[in-house]
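The structure appears right after this line, and notes come after that.
Worth saying up front: this structure is predicted, and the values here are computed from it rather than measured.
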Amino acid sequence: MPAVPESIVYTAKSHVTGGRDGHGKTDDGALEVDLRAPKEMGGPGGGTNPEQLFAVGYGACFQGALGLAAKETGADVSNSVVELEVGFGKEGESFGLAVKIMVSVPGMDKDEVQKLADRTHDLCPYSKATRGNIPVEVVAV
């Protein structure tokens, strides 16, 4: 049985039409994008796509969780950088995702960054959501 939040403090709401070649927006108007399949997938390009949006959302969430993990050790992650790659490809009858998360913390030993990144992967809500569902690789760079 999946873990359930004790209480919901925020709910993001979106409205999407047209799928990969459509339009998406949030109910508060803070985000509004034209969606276009990338040229690599036979689309026209010229807009954003779900994988890019997922990469940015996961990256922002992971960096926030990195701050939480750093509090446990007293590490300074104020100059950290989180980069994500979200791969999209054929999986059986449909498609699937694979994620690579690259974490760097200037001035910190790479082995320590890896330990911190692994702990962050335990804490991040996106990591919890993807765990056991898609491959996610977390590496210190």
Side-chain angles (χ1 to χ4, degrees), residues 1-73 75-141:
M1 176 166 233
V4 178
E6 294 170 19
S7 65
I8 302 295
V9 296
Y10 172 74
T11 300
K13 297 177 184 178
S14 68
H15 178 88
V16 177
T17 57
R20 288 186 171 276
D21 290 309
H23 190 80
K25 62 183 178 179
T26 57
D27 68 329
D28 63 2
L31 177 66
E32 189 164 352
V33 293
D34 289 322
L35 301 165
R36 299 290 179 264
K39 291 179 180 182
E40 296 86 349
M41 293 171 53
T48 194
N49 61 65
E51 292 72 35
Q52 290 172 323
L53 294 168
F54 185 69
V56 170
Y58 197 163
C61 188
F62 199 89
Q63 186 136 41
L66 182 67
L68 182 62
K71 285 182 182 179
E72 295 176 354
T73 64
D76 178 7
V77 295
S78 58
N79 292 320
S80 63
V81 176
V82 174
E83 296 184 71
L84 263 88
E85 295 176 356
V86 175
F88 176 91
K90 192 85 170 127
E91 179 188 352
E93 296 178 17
S94 62
F95 298 89
L97 301 174
V99 174
K100 182 175 183 180
I101 303 171
M102 294 150 288
V103 180
S104 63
V105 182
M108 185 180 284
D109 177 75
K110 190 174 176 181
D111 289 337
E112 291 302 311
V113 174
Q114 186 65 55
K115 288 177 189 172
L116 192 59
D118 290 340
R119 176 62 178 144
T120 301
H121 192 46
D122 292 338
L123 299 170
C124 175
Y126 274 66
S127 291
K128 291 177 184 179
T130 59
R131 189 166 290 117
N133 296 309
I134 64 171
V136 178
E137 179 185 9
V138 181
V139 293
V141 292

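Checking each of T120, L116, L68 against V77 for a side-chain contact (heavy atoms from CB on, under 4.5 Å) leaves exactly one that passes, namely L116.
A cation-pi arrangement, defined by a distance under 6.0 Å to the six-membered ring centre and an angle within 45 degrees of its axis, is present between R20 and F88.
The two residues V139 and K100 come nearest to each other via the heavy atoms CG2-CE, 3.9 Å. Closest approach of S127 and H121 over heavy atoms only: OG-ND1, 2.7 Å. Residues D122 and R131 share a closest heavy-atom pair of CA-NH2, 3.7 Å. Summarising the geometry of V103 relative to A117, their closest heavy-atom pair is CG2-CB, 4.0 Å, with the distance given to 0.1 Å. When all heavy atoms of I134 and L97 are compared, the closest pair comes out as CB-O, 3.4 Å. Heavy-atom minimum distance, V82 versus G59: CG1-O, 4.1 Å.
In this structure, I101 CD1 and Y126 OH are separated by 11.5 Å, a value rounded to the nearest 0.5 Å. Taking CG of D34 as the start and CG of N49 as the end, the distance is 12.5 Å to the nearest 0.5 Å. Between atom CE of residue M108 and atom CD of residue Q114 there is a gap of 12.5 Å, rounded to the nearest 0.5 Å. Atoms CD and CD, on E91 and E93 in that order, are 11.0 Å from each other to the nearest 0.5 Å. With rounding to the nearest 0.5 Å, the separation of OH in Y58 from CD in E51 is 15.0 Å.
If you check the side chains of H23 and T17, you find no donor sitting under 3.5 Å from an acceptor. At a cut-off of 3.5 Å, with distance as the only test, a side-chain donor of S80 or Q63 sits close to an acceptor on the other residue.
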Inset, instruction - Using the side chain to side chain contact (heavy atoms under 4.5 Å, CB included) rule, take L53 and L35 through it: C-alpha gap first, then chi angles, then the decisive distance, then the call. - result: CA-CA 10 Å; L53 294 168; L35 301 165; 4.0 Å; yes
Inset, instruction - Could you give me the CA-CA distance, side-chain angles and deciding distance for M102 and E137, then say whether side chain to side chain contact (heavy atoms under 4.5 Å, CB included) is met? - result: CA-CA 8 Å; M102 294 150 288; E137 179 185 9; over 6 Å; no
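Contact annotation: the side chain of S104 never approaches that of V113 to less than 4.5 Å [non-hydrogen atoms, C-beta and beyond].
When the shell of 6.0 Å around NZ of K39 is examined, it contains 12 or fewer heavy atoms from other residues, nucleotides or ligands.
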